[in-house]
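A short worksheet on the structure shown next.
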Amino acid sequence: VFRRLMNAFAYPGSIETISAPPGEALIGVLACLIDAETTLSDPCGLVSEHDIKLLSAVRTDPETASFIVLPGNHDPDFIPRIGTLESPDYGATIILQVDQIGEGASLTLSGPGIQGSRQVSVRGLSHAWLISRAKWVQEFPLGVDFILVDEKSALAIPRTSKILNIGEV
């Protein structure tokens with residue numbers, strides 16, 4: 001799973017199959033990212049109490065968390081950490097559980113790791129996330145990274161990627 005996530009970040013917009021039991025792709029992704037030194041916000045309760053304990057996750061609010069888990073159809077109602085010029089790596093990673101990667105609204109991505117541009121489709125992602133993300137990444141190297149997860153796959157949109165058709169989605 002870790003290798004698949006690294007590939008997803010190296011080639012933004014590539015759809016990576018997550019080796020996890022059916023419906024457990026989100027937990028598989030979190031297991032690669034979370035440890036007792038990181039903070040997690042799960043305001044909608046997508047991660048069970050049992051899994052929170054297994055992950056050794058330190059819970060906090062979305063404004064201060066390193067990792068934030070939310071449904072993709074839930075509009076953002078917070079401002080995440082975007083890092084500082086001295087430590088841009090303190091920007092949050094937002095993990096959005098979507099209905100389906102590979103179907104739905106089309107996004108056009110460009111930037112490092114993408115030759116030209118890449119089209120990806122996502123069903124279950126609120127347009128508000130795209131608008132908020134554009135604000136959060138406008139002062140690069142500050143920003144947030146996105147990981148979209150469905151039942152069996154993941155797709156990364158790092159802060160270095162541009163979404164070219166935000167107004168059209």
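These values consider heavy atoms only, across backbone and side chains, with no hydrogens, waters or symmetry-generated copies.
- The shortest side-chain heavy-atom distance between Leu164 and Leu109 does not fall under the 4.5 Å cut-off.
- Pairs passing the side chain to side chain donor-acceptor pair (under 3.5 Å) check and including a residue from residues 30-39, sequence neighbours excluded, read Thr39-Ser66.
- Between Trp129 and Pro71, the shortest heavy-atom contact is NE1-O, 3.8 Å.
- How far CG of Asn73 is from CG of Leu125: 9.0 Å, rounded to the nearest 0.5 Å.
- Cluster membership for Ile15 and Ile114, using ILVMFWY side-chain heavy atoms within less than 4.5 angstrom, is shared.
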Using the rule given for side-chain contact (heavy atoms from CB on, under 4.5 Å), can you reason through Cys44 versus Gln97, listing the C-alpha separation, both sets of side-chain angles and the distance that settles it, and then say yes or no?
CA-CA 11 Å; Cys44 293; Gln97 177 101 43; over 6 Å; no
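- The number of heavy-atom neighbours closer than 6.0 Å to CD1 of Ile79, taken from other residues, nucleotides and ligands shown, is 12 or below.
- With rounding to the nearest 0.5 angstrom, the CD1 atom of Ile94 is 4.5 Å from the CD1 atom of Ile68.
- Residues satisfying the side chain to side chain contact (heavy atoms under 4.5 Å, CB included) test with Asp75, not counting sequence neighbours, are Ser126, Ala128.
- Thr160 has its side chain within reach of Pro112: a pair of non-hydrogen atoms, C-beta onward, lies under 4.5 Å apart.
- Summarising the geometry of Phe146 relative to Arg133, their closest heavy-atom pair is CZ-CB, 3.7 Å, with the distance given to 0.1 Å.
- Test Thr64, Leu70, Asp61 against Phe78 for side chain to side chain contact (heavy atoms under 4.5 Å, CB included) and you get one pass: Leu70.
- Cluster note: Leu40 groups with Val1, Phe2, Leu5, Met6, Phe9, Ile18, Leu26, Ile27, Val29, Leu30, Leu33, Ile34, Leu46, Val47, Ile52, Leu55, Phe67, Val69, Ile95, Ile147, Val149 through ILVMFWY side-chain heavy atoms spaced under 4.5 Å, whether in direct contact or through intervening members.
- For Ser48, the side-chain hydrogen bond (donor to acceptor under 3.5 Å, both in side chains) criterion is met by Asp51, not counting sequence neighbours.
- For the atom pair Ser106 OG and Gln119 CD, the distance stands at 3.5 Å (nearest 0.5 Å).
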Take Leu148 and Ile157, measure what side-chain contact (heavy atoms from CB on, under 4.5 Å) needs, and give me the verdict at the end.
CA-CA 8 Å; Leu148 308 182; Ile157 307 175; 4.2 Å; yes
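- Counting heavy atoms from C-beta on, the side chains of Pro43 and Pro62 come closer than 4.5 Å.
- Taking every heavy atom of both residues into account, Ala92 and Ala65 meet most closely at CB-O, 3.6 Å.
- Across every non-hydrogen atom of Leu85 and Pro88, the tightest pair is O-CD, 3.6 Å.
- Screening residues 140-159 for side chain to side chain donor-acceptor pair (under 3.5 Å) gives Asp145-Arg159, Asp150-Ser153 as the qualifying pairs, with residues at least two apart or on separate chains.
- The distance from the OG atom of Ser110 to the CZ atom of Arg118 is 11.0 Å, given to the nearest 0.5 Å.
- Within 6.0 Å of CD on Glu139 lie no more than 12 heavy atoms contributed by other residues, nucleotides or ligands.
- Using a 4.5 Å heavy-atom cutoff, the side chains of Ile163 and Thr108 are not in contact.
- With sequence neighbours left out, Arg4 forms a salt bridge (Lys or Arg N to Asp or Glu O under 4.0 Å) with Glu16.
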